[in-house]
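See structure below.
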Amino acid sequence: MSLGKVNSGRHRPPNPRTLASLVEHSSYTKCEFITSPPQKIPSPVQPKNTAGLETISITNTTHWTKCIHNLCTTHCDADATLHLLHDLRVRGFHPNSLNISSIIHALCHANRYSEAHHRFLLFISSHCSPDEHTCNLLIARLLNGRDPYSTLRVINALADEKPEFVPSLVNFNRLIDGFCKLGRLEVAHLLFYHMIERGHRPNVVSFTTLISGYSMIGKVCAAEKVFDEMSECGVRCNALTYTALIRGVLRKRELENGIRLMGKVWEVMEYEDDVQVNNAAFCSVVDCLCREGLFHEVFKIVEDMPQGKNVPEGFAYGQMIDSLCKFERYNAAARIVYMMRKRGFTPSLVSYNLIVHGLCNDDDCLRAYQLWEEGMEFGYLPSEFTSKVRVEGLCRD
DNA sequence: CTAGGGTTAG
């Protein structure tokens, strides 16, 4: 009961906009609030002619805000800041958005995400919620902790305390993705609907995230349903949306369907403004094919180059080489090198090294030696480690 | 003299 804790002692009607039920069965465990034994923390902006904290008025928020920020950023000491803030609050200080922001940032910066979440909850429950902009900023920061259950609890607490607050679309998308990555599609999908209720229009990222999530857990039918809803909502899919489907379809060994969708990928690339989307989609297609052992399909791509000018050619070769190496198909990768060189491209030395090294480990040292010699033509000088492996291999042969 | 602060799918 995430909201129960936050609201204990107060009598408020339950907020229908919160998602308490979603976190009820969460893996969230209440984080331990860690405080080192109390110690005197000197003020970093201590005036020269006075001795203690008490001499500066508690109402001098500018001074204390600077102090808190200074401790958090230049000293990177979240614990000292928490102590200082505790002392100040005893004296009647009311933390503002900036103070809260400083502390949450410092905790996240130190990778103390669970404390950051807990601290934020404490601020909210003591009616110290920051302004809307800061809330979104801090949620973005908390999401980096990859603990979507905890972040959702914070969002629920905020919804209860500040009913007018709506997390940004990007934050919602990231949160949904977090649940997708955990395979919790039921939570992800509910959040998706919740986001719409709160006034957001899901974008291509929102839909693609859900489709990818369903594909990942093997629910291709559900993924296809979301895909259909997408066009009904007037949101245009892009190459990444198709690759999200392809991943699920190929995993189900629906090769024909996969190839049809690949055709769609190349098609929508034409209309894409963001080159990164096309590049990422190309990588994804090649990765899916290799993962499913469909190496002949990768070679079809090298032959036909169906992505055309929508993916930089050199990048495409590099990606195919790297993916083939990732799945330990070093001879196949060497074939890509052969073909790209024939077309006037030079492999990156890092990729080339990967191939030579991989061939050595595969006991194909003669082929490795061949490549090593050919590599001289474009400045390939193997690292010491690779040379050692190569020599050892040749000796064995 | 109202400060400082981070962005999504792959």
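This is a predicted model, so every value here is computed, not measured. So that the names make sense, note that chain A is the first sequence line, chain B the second, and so on, each numbered from 1.
Distances from the side chain of Val204(A) to the nucleotides dA9(B), dT8(B), dA3(B) place dA9(B) closest. For Ala280(A), the listed nucleotide lying nearest its side chain is dG10(B); candidates were dT8(B), dG10(B), dG5(B). If you check dG5(B), dA3(B), dG10(B) against the side chain of Thr65(A), the one that comes closest is dA3(B). Side-chain proximity of Asn203(A) to the nucleotides dT8(B), dG5(B), dG10(B) is greatest for dT8(B). Here dA9(B) is the nucleotide among dA9(B), dA3(B), dG6(B) with the atom lying nearest to any side-chain atom of Asp177(A). Residue Leu98(A) has its side chain nearest to dA3(B) when only dG6(B), dA3(B), dT8(B) are considered. Among dG6(B), dA3(B), dT8(B), the nucleotide with an atom closest to any side-chain atom of Arg141(A) is dG6(B). The Leu240(A) side chain lies nearest to dA9(B) when the options are dT8(B), dA9(B), dA3(B). For Gln276(A), the listed nucleotide lying nearest its side chain is dG10(B); candidates were dG10(B), dG5(B), dA9(B).
Remark: C1' of dA3(B) and NZ of Lys66(A) are 8 Å apart, rounded to the nearest angstrom. Computed from coordinates, the Ile139(A) CD1 to dT8(B) P distance equals 15 Å when rounded to whole Å. Regarding Leu142(A), its CG atom lies at a distance of 17 Å from the P atom of dG5(B), rounded to whole Å. Rounded to an integer number of Å, the gap from Leu210(A) CG to dG10(B) P is 12 Å. Asn136(A) places its CG atom 20 Å from the P atom of dG4(B), with the value rounded to the nearest Å. With rounding to whole Å, Phe315(A) atom CZ is found 15 Å from dG10(B) atom P. When rounded to the nearest whole Å, the span between NE2 of His69(A) and C1' of dT2(B) equals 14 Å. Between the P atom of dG4(B) and the CD1 atom of Ile103(A) lies a distance of 17 Å, rounded to the nearest Å.
The base of dG5(B) is paired with the side chain of Thr134(A) by a donor and an acceptor separated by under 3.5 Å. In terms of polar N and O atoms assigned as donor or acceptor, the side chain of Asn238(A) comes within less than 3.5 Å of the base of dA9(B) in a complementary pairing. Below the 3.5 angstrom threshold, one finds a donor paired with an acceptor across the side chain of Ser101(A) and the base of dG4(B).
In the displayed structure, Arg341(A) atom CZ is contacted under 6.0 Å by more than 12 heavy atoms of other residues, nucleotides or ligands.
To the nearest 0.5 Å, the span separating CG on Asn331(A) from CD1 on Ile336(A) amounts to 12.0 Å.
Thr62(A) comes within 4.0 angstrom of a nucleotide base, judged by non-hydrogen atoms across all strands. Across all strands shown, Asn144(A) has heavy atoms under 4.0 Å from sugar-phosphate atoms exclusively, and none from any base. Residue contacts for Thr209(A): at a heavy-atom cut-off of 4.0 Å it reaches the sugar-phosphate backbone alone, with no base atom in range. Ser97(A) comes within 4.0 angstrom of a nucleotide base, judged by non-hydrogen atoms across all strands. Heavy atoms of Ser102(A) sit nowhere under 4.0 angstrom from any nucleic acid atom.
Using a 4.0 Å cut-off, no side-chain N or O of Lys181(A) falls inside it from OP1 or OP2 of dT8(B).
Under 3.5 Å, the side chains of Tyr193(A) and Glu197(A) contain no donor-acceptor pair of N or O atoms.
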Can you check side chain to side chain donor-acceptor pair (under 3.5 Å) on Arg184(A) and Tyr149(A), steps first, answer last?
CA-CA 11 Å; Arg184(A) 301 302 304 268; Tyr149(A) 279 110; 2.5 Å; yes
May I have the step-by-step check of side chain to side chain donor-acceptor pair (under 3.5 Å) for Arg153(A) and Asn156(A), ending in yes or no?
CA-CA 5 Å; Arg153(A) 286 170 67 92; Asn156(A) 280 341; over 6 Å; no
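Between Tyr113(A) and His117(A), a ring centre-to-centre spacing not shorter than 6.0 Å is recorded.
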